[in-house]
Amino acid sequence: AQSVTQPDIHITVSEGASLELRCNYSYGATPYLFWYVQSPGQGLQLLLKYFSGDTLVQGIKGFEAEFKRSQSSFNLRKPSVHWSDAAEYFCAVGAATGFQKLVFGTGTRLLVSP
Amino acid sequence: DVKVTQSSRYLVKRTGEKVFLECVQDMDHENMFWYRQDPGLGLRLIYFSYDVKMKEKGDIPEGYSVSREKKERFSLILESASTNQTSMYLCASSPEKKANQPQHFGDGTRLSIL
C-alpha cells in the first residue's frame, strides 16, 4: 500500500522569498502524485499532478514540483511567495494500477510573513 | 469547471442523532468519495463509490454508511452520531476508475456533535 509523508507541519516564509514544501512517498512502482491546496474554510484545489514523462511539472499559481524517483520525493516549489499563498498544502499519491484511491499526507500549513 | 456541492457548510447535531451529509456533483463523474479531515491527521477516506448503488469501505468506515441512488449524489450517513465524529467532512468526485484522474472537492461540511 502507498503512503505519504509531509515532514513539516508548519512553515513560515517571508513574502517574496522562495518556498519548498517536502513530500516523500512510499510505493512499489511509479506512482501518480498530486499537490492540493486548501484555503481556510474551503475544499481542496488541485495545484499540479505527475503521471509520467518530464519530472518537473508546472501547476497553477506559479507552483512547480519535481519528481525524484531515487529519493521517493515530490517537493513543491515556488520562486516568490505571495501573502495569498498562505494555506494548507497536501501531497497525495495514487496507485498506478487498480481503482483510483488517493492517500494523502497530513499537510503542511504555510504562513507568510510581511 | 467541475462543481461539487455539499449541502451544508456548518452543521450542529446531538449525540445519538442520525445525520445525513449530502454531496452532489454536476459533471457526470463515476467516482465519488467521502473523507474526514482532522488536524494532524490529514484526510482519511471513509467510503467511496465507483457506480450507482455501489460502495466500498475506505480506511475508517466504522460508524458511517453511505448511499448512492443516483450518479450525481452521494450521501454520508452517521447512524448514531457521537462526539468523536465531530470533524470536517469533504466530498470529492473523479471521472474514471483510473488513478491518474484528479479528484475534485467540495467546500466541506464542518460537523459538530454535542
Side-chain angles (χ1 to χ4, degrees), chain A residues 1-10 21 23-25 27-53 57 59-60 65 67 74 87-109, chain B residues 1-10 21 23-25 27 29-51 54-61 88-111:
Chain A
Q2 61 267 41
S3 66
V4 177
T5 301
Q6 293 181 249
D8 303 305
I9 298 174
H10 297 102
L21 301 182
C23 172
N24 292 97
Y25 69 90
Y27 183 61
T30 301
Y32 295 140
L33 295 160
F34 305 84
W35 274 101
Y36 285 86
V37 61
Q38 184 181 35
S39 298
Q42 303 294 318
L44 275 66
Q45 180 184 19
L46 180 70
L47 283 176
L48 47 78
K49 58 190 179 186
Y50 171 78
F51 300 143
S52 63
V57 293
I60 63 171
F67 170 61
F74 188 57
E88 189 151 25
Y89 292 79
F90 291 92
C91 182
V93 61
T97 58
F99 184 76
Q100 185 231 33
K101 284 172 58 177
L102 294 183
V103 174
F104 286 83
T106 52
T108 298
R109 182 166 297 280
Chain B
D1 272 358
V2 177
K3 184 71 173 175
V4 179
T5 303
Q6 296 184 229
S7 55
S8 303
R9 293 296 303 273
Y10 301 94
L21 302 184
C23 175
V24 176
Q25 50 93 4
M27 286 300 291
H29 283 177
E30 296 177 351
N31 308 324
M32 297 189 75
F33 306 82
W34 274 106
Y35 296 89
R36 65 175 282 176
Q37 181 181 13
D38 300 287
L41 298 178
L43 277 72
R44 292 179 292 167
L45 183 63
I46 304 171
Y47 267 97
F48 63 98
S49 168
Y50 52 87
D51 204 349
M54 303 302 288
K55 60 184 179 183
E56 294 285 344
K57 293 180 180 179
D59 300 318
I60 51 164
M88 169 74 101
Y89 290 87
L90 292 167
C91 176
S93 71
S94 66
E96 297 177 20
K97 293 184 176 62
K98 296 177 184 176
N100 62 356
Q101 298 300 317
Q103 296 179 14
H104 301 265
F105 285 83
D107 286 339
T109 295
R110 188 165 292 282
L111 175 64

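Throughout, a chain's letter reflects where its sequence line sits, starting with A, and its residues are numbered from 1. Predicted, not measured: the structure shown is a model, and the values here were computed from it.
Interface remark: B/Gln37 contributes side-chain atoms only to the contact with chain A (heavy atom separation under 4.5 Å). For B/Arg9, the part lying under 4.5 angstrom from a heavy atom of chain A is the side chain only. Looking at A/Gln6, there are no atoms closer than 4.5 Å to chain B (heavy atoms on both sides), in backbone or side chain.
Looking only at side-chain heavy atoms (C-beta outward), B/Gln103 and A/Tyr36 come within less than 4.5 Å of each other. The closest side-chain heavy-atom distance from B/His104 to A/Gln45 is not below 4.5 Å.
Within 6.0 Å of CG on B/Leu41 lie more than 12 heavy atoms contributed by other residues, nucleotides or ligands.
For the atom pair CZ (B/Phe105) and CD (A/Gln38), the distance works out to 9.0 Å, reported to the nearest 0.5 Å.
When each of A/Leu44, A/Leu102, A/Val103, A/Thr106 is tested with B/Leu43 by the rule side-chain contact (heavy atoms from CB on, under 4.5 Å), just one qualifies, namely A/Leu44.
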